[in-house]
Asks: 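First the structure, which I've put down as C-alpha cells, then a few questions once you've had a look.
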Protein chains: 2
Amino acid sequence: MADRAGQRRIPEATVARLPIYSRALLETAEAGVGTISSERLAALAGVNAAKVRKDLSYLGSYGTRGVGYEVDHLVHEISRELGLTQDWPVVIVGIGNLGHALANYRGFGARGFRVAALVDADPTKLERKVAGLRVEGLDALADVVAQRDVSIGIIATPASAAQEVADLLVEAGVRSILNFAPAVVSVPEGVSLRKVDLAIELQILSFYQSHPPDRLVDESTETVREAQG
Amino acid sequence: MADRAGQRRIPEATVARLPIYSRALLETAEAGVGTISSERLAALAGVNAAKVRKDLSYLGSYGTRGVGYEVDHLVHEISRELGLTQDWPVVIVGIGNLGHALANYRGFGARGFRVAALVDADPTKLERKVAGLRVEGLDALADVVAQRDVSIGIIATPASAAQEVADLLVEAGVRSILNFAPAVVSVPEGVSLRKVDLAIELQILSFYQSHPPDRLVDESTETVREAQG
DNA sequence: GCATGTGAATAGATTCACAGCG
DNA sequence: CGCTGTGAATCTATTCACATGC
C-alpha cells in the first residue's frame with residue numbers, strides 16, 4: 001500500500017537508513033543468498049531488528065511471515081523508493097584537493113550518480129582534465145546545469161565561497177545540494193541541503209573522548225557492538 | 001556548571017551543534033563583536049533561537065538576561081566542553097584520493113587536531129611524502145599510535161579493509177574513529193564511531209528529490225524538511 | 001513454529017510560552 | 001523593558017511485545 005491513496009510519510013530517520021539496507025542487501029544478493037531475516041539484515045546494517053522491520057514496513061509489506069524478505073525484491077523496492085532507478089547527474093563545484101578526490105570517487109556510477117561536470121572559479125584550473133572531465137569556469141555553471149540536466153550540486157569550495165555557490169546552484173535550478181565546505185549555508189524552501197563537515201565530526205569525537213562514556217552515562221556516538229557480515 | 005553535583009547530561013543532538021556555534025562565535029569574535037543574542041547566534045548557525053538557548057543552558061548559565069552572551073566567554077566554555085583545549089593527534093589510514101585530500105585539509109590544526117601519521121597497506125605508497133609526512137606501513141600502526149599518542153583514527157580505505165583497520169585501531173588503543181569507507185563498521189563499547197558516507201548522502205538527496213515536498217491541505221504548516229544537522 | 005508487521009509504551013528532541021532577572 | 005533560562009507541550013524516533021498469517 002505504498003502507492004495511491006494510502007501514501008505513507010516515510011520518517012527522515014528511516015530515509016537515512018534505507019541506503020544502508022540497500023548496500024547490505026546488494027552484498028547479500030551478490031553472495032547468492034535469496035532470503036534474509038530482519039535479524040540478519042539488522043546485523044549487517046548495524047542496527048536492531050525492530051528498527052529494520054519498522055523501517056521496511058513504511059515501504060509496504062514486502063516480507064513473508066515465518067520466512068523473511070526476498071533479497072532481490074527488497075533491493076528493488078528500496079531502490080525505487082530512493083529514486084535510484086533514474087540517473088542523477090552531479091556537478092562538483094570547487095576542484096581543490098577534496099573536489100579532486102570526489103571527482104575520482106568510484107561509487108558515483110554505482111548507483112545512478114554520474115559526475116556530469118566540474119566547475120571552479122580559479123581561471124588557472126580551467127581546461128585541466130580531472131577524472132576525464134574538463135574543468136569549467138564558474139560562469140558556465142548555469143549553462144552546464146541546464147544543458148546536462150544536473151540535479152545535484154556538490155560544494156567543495158572554501159567556506160567563504162559556499163553560500164555564493166549555493167545561491168548560484170539554486171538559481172540554476174538545482175534542488176539538491178551536498179555541502180562539504182565548513183560553513184553554514186542556507187537555501188530556500190523546497191531545496192534539500194545536506195552537509196558533510198570534517199571539523200565538526202572531529203569535534204564531536206573530541207567531546208565523547210573527553211567525557212568518559214563509562215557505565216552511568218550515555219551511549220555516545222554510535223557505540224555499536226555487534227557481529228558483522 | 002558542568003562540574004560539581006548537578007552533572008548535566010548533554011543531549012547528543014546538542015553536542016552535534018556545539019561545533020557549529022563554536023565556529024560562528026569565532027567568526028563573530030574576529031569581527032570584533034563582544035556580545036551576541038541567542039537570536040543572532042541562531043541565525044549564524046542556521047537554527048532557531050529557542051534551540052540555541054536550550055543547548056547553551058546545558059553548559060550552564062553563561063548569558064545575561066536582557067543582554068545576551070559574552071562572545072569570548074562562550075567560545076571558551078564551548079571549547080572546554082568539547083575538549084578542544086587539548087591536542088588530539090590523528091592518524092589517517094588509507095592514502096588514496098580521499099586520504100590524500102584529508103591529509104592536506106587545512107583546518108585540522110585550527111582546533112587542536114593534528115595529523116600525526118599517515119598509514120597505508122600498499123607497499124608502493126610507502127616512503128612517499130604526502131602533506132609533509134612520510135606514509136608508513138600498516139604494520140607500523142600500533143607503534144605509531146602508541147608513540148605519538150594518537151587518539152583519533154580516520155579510515156579512508158576501500159570498504160573491504162574498513163573493519164580490519166578499525167579492529168587494528170581499537171587494538172592499538174584508539175578510542176575515536178571517523179569512518180569514510182562505505183561500509184558498516186562495528187567497534188566495542190567505549191569506542192566512539194562516526195561515519196561520513198558520500199554514497200549515502202547522495203541517496204538521501206535522491207529520495208527527497210524524488211518525493212516532491214508534498215503540499216498539505218493546511219497552509220499554516222511549514223513543510224520544511226531540510227537536512228542540516 | 002517462526003519471523004513479520006504494528007499498535008502501545010518509552011525515550012529523545014524541538015518548540016512554545018512565559019516567568020525571572022539584569 | 002528585553003533577552004535569557006526553563007518547565008510544559010508537542011513532535012519524532014526507538015523499542016517493546018505480541019497478534020498475525022504464511
Side-chain angles (χ1 to χ4, degrees), chain A residues 1-2 6 8-18 20-21 25 33-71 73-74 77 204 217-224 226, chain B residues 1-2 6 8-18 20-21 25 33-43 45-71 73-74 77 204 216 218 220-229:
Chain A
M1 267 198 278
R8 288 159 211 266
R9 229 292 256 133
I10 301 188
E12 201 170 324
T14 295
V15 172
R17 281 187 295 267
L18 291 180
I20 304 173
Y21 300 150
L25 289 166
V33 178
T35 302
I36 193 169
S37 67
S38 62
E39 193 87 40
R40 177 98 186 97
L41 179 50
L44 293 173
V47 301
N48 68 45
K51 206 180 273 182
V52 167
R53 291 201 300 277
K54 183 69 96 178
D55 284 342
L56 296 183
S57 78
Y58 291 116
L59 309 191
S61 302
Y62 296 131
T64 306
R65 289 160 202 252
V67 179
Y69 302 87
E70 211 244 297
V71 177
H73 185 221
L74 203 46
E77 291 302 336
I204 295 171
V217 209
D218 61 66
E219 173 85 356
S220 65
T221 297
E222 186 175 320
T223 320
V224 194
E226 198 160 272
Chain B
M1 283 103 218
R8 287 158 212 266
R9 227 287 261 136
I10 301 188
E12 200 171 325
T14 294
V15 172
R17 281 188 296 267
L18 291 180
I20 304 173
Y21 300 151
L25 288 166
V33 178
T35 303
I36 193 169
S37 66
S38 61
E39 192 87 41
R40 176 100 186 95
L41 178 51
V47 302
N48 68 46
K51 206 180 272 181
V52 167
R53 292 201 298 278
K54 182 71 94 179
D55 284 343
L56 296 182
S57 78
Y58 290 116
L59 309 191
S61 301
Y62 296 133
T64 307
R65 288 160 201 251
V67 179
Y69 302 87
E70 212 243 299
V71 178
H73 185 221
L74 203 46
E77 292 301 337
I204 294 171
L216 295 179
D218 210 277
S220 61
T221 336
E222 242 203 332
T223 321
V224 190
R225 51 110 189 77
E226 222 132 87
Q228 290 271 44

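All values below were derived from every heavy atom in this structure, side-chain atoms included, with hydrogens, water molecules and symmetry-related copies excluded. Chain letters run A, B, ... following the sequence lines, proteins first and then strands; every chain starts at 1.
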Asks: To the nearest Å, give me how far apart OH (A/Tyr21) and C1' (C/dT4) are.
Replies: 14 Å
Asks: Check whether any side-chain heavy atom of A/Leu25 sits under 4.5 Å from a side-chain heavy atom of A/Leu44, and report yes or no.
Replies: no
Asks: Look only at the side chain of B/Thr64 and the backbone of B/Val67, and say whether a donor-acceptor pair between them is shorter than 3.5 Å.
Replies: no
Asks: At under 4.0 Å between heavy atoms, how does the protein contact nucleotides 11-19 of chain C? Give one character per nucleotide, 5' to 3', with B, S or -.
Replies: --SSB-B-B
Asks: What is the separation between atom OH on A/Tyr62 and atom C1' on C/dT6, rounded to the nearest whole Å?
Replies: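 Answer to the nearest Å: 17 Å.
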Asks: Would you check if A/Tyr62 and A/Leu56 make a side-chain contact, meaning some heavy-atom pair closer than 4.5 Å?
Replies: no
Asks: C/dT4 P sits how many Å from A/Arg40 CZ, rounded?
Replies: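 Taking atom P of C/dT4 as the reference, CZ of A/Arg40 is at 13 Å.
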Asks: If I take atom CG from residue A/Leu59 and atom OH from residue A/Tyr21, how far apart are they, to the nearest 0.5 angstrom?
Replies: 9.5 Å
Asks: Only distances under 3.5 Å count here; give the side-chain donor-acceptor pairs of residues 46-53 of chain B to other protein atoms, sequence neighbours excluded, each with its distance to 0.1 Å.
Replies:
unit_1  : atom_1 : unit_2  : atom_2 : d
B/Asn48 : OD1    : B/Ala50 : N      : 3.2
B/Asn48 : OD1    : B/Lys51 : N      : 3.0
B/Arg53 : NH1    : B/Ser38 : OG     : 3.2

Asks: For C/dT4, does OP1 or OP2 lie under 4.0 Å from any side-chain N or O of A/Ser38?
Replies: yes
Asks: Can you tell me the distance, in whole Å, between the CG atom of B/Leu56 and the P atom of D/dG5?
Replies: 8 Å
Asks: Do the side-chain N or O atoms of B/Tyr69 get closer than 4.0 angstrom to the phosphate oxygens (OP1, OP2) of D/dG5?
Replies: yes
Asks: Under the side-chain hydrogen bond (donor to acceptor under 3.5 Å, both in side chains) test, which residues partner B/Thr14, sequence neighbours left out?
Replies: B/Asp55
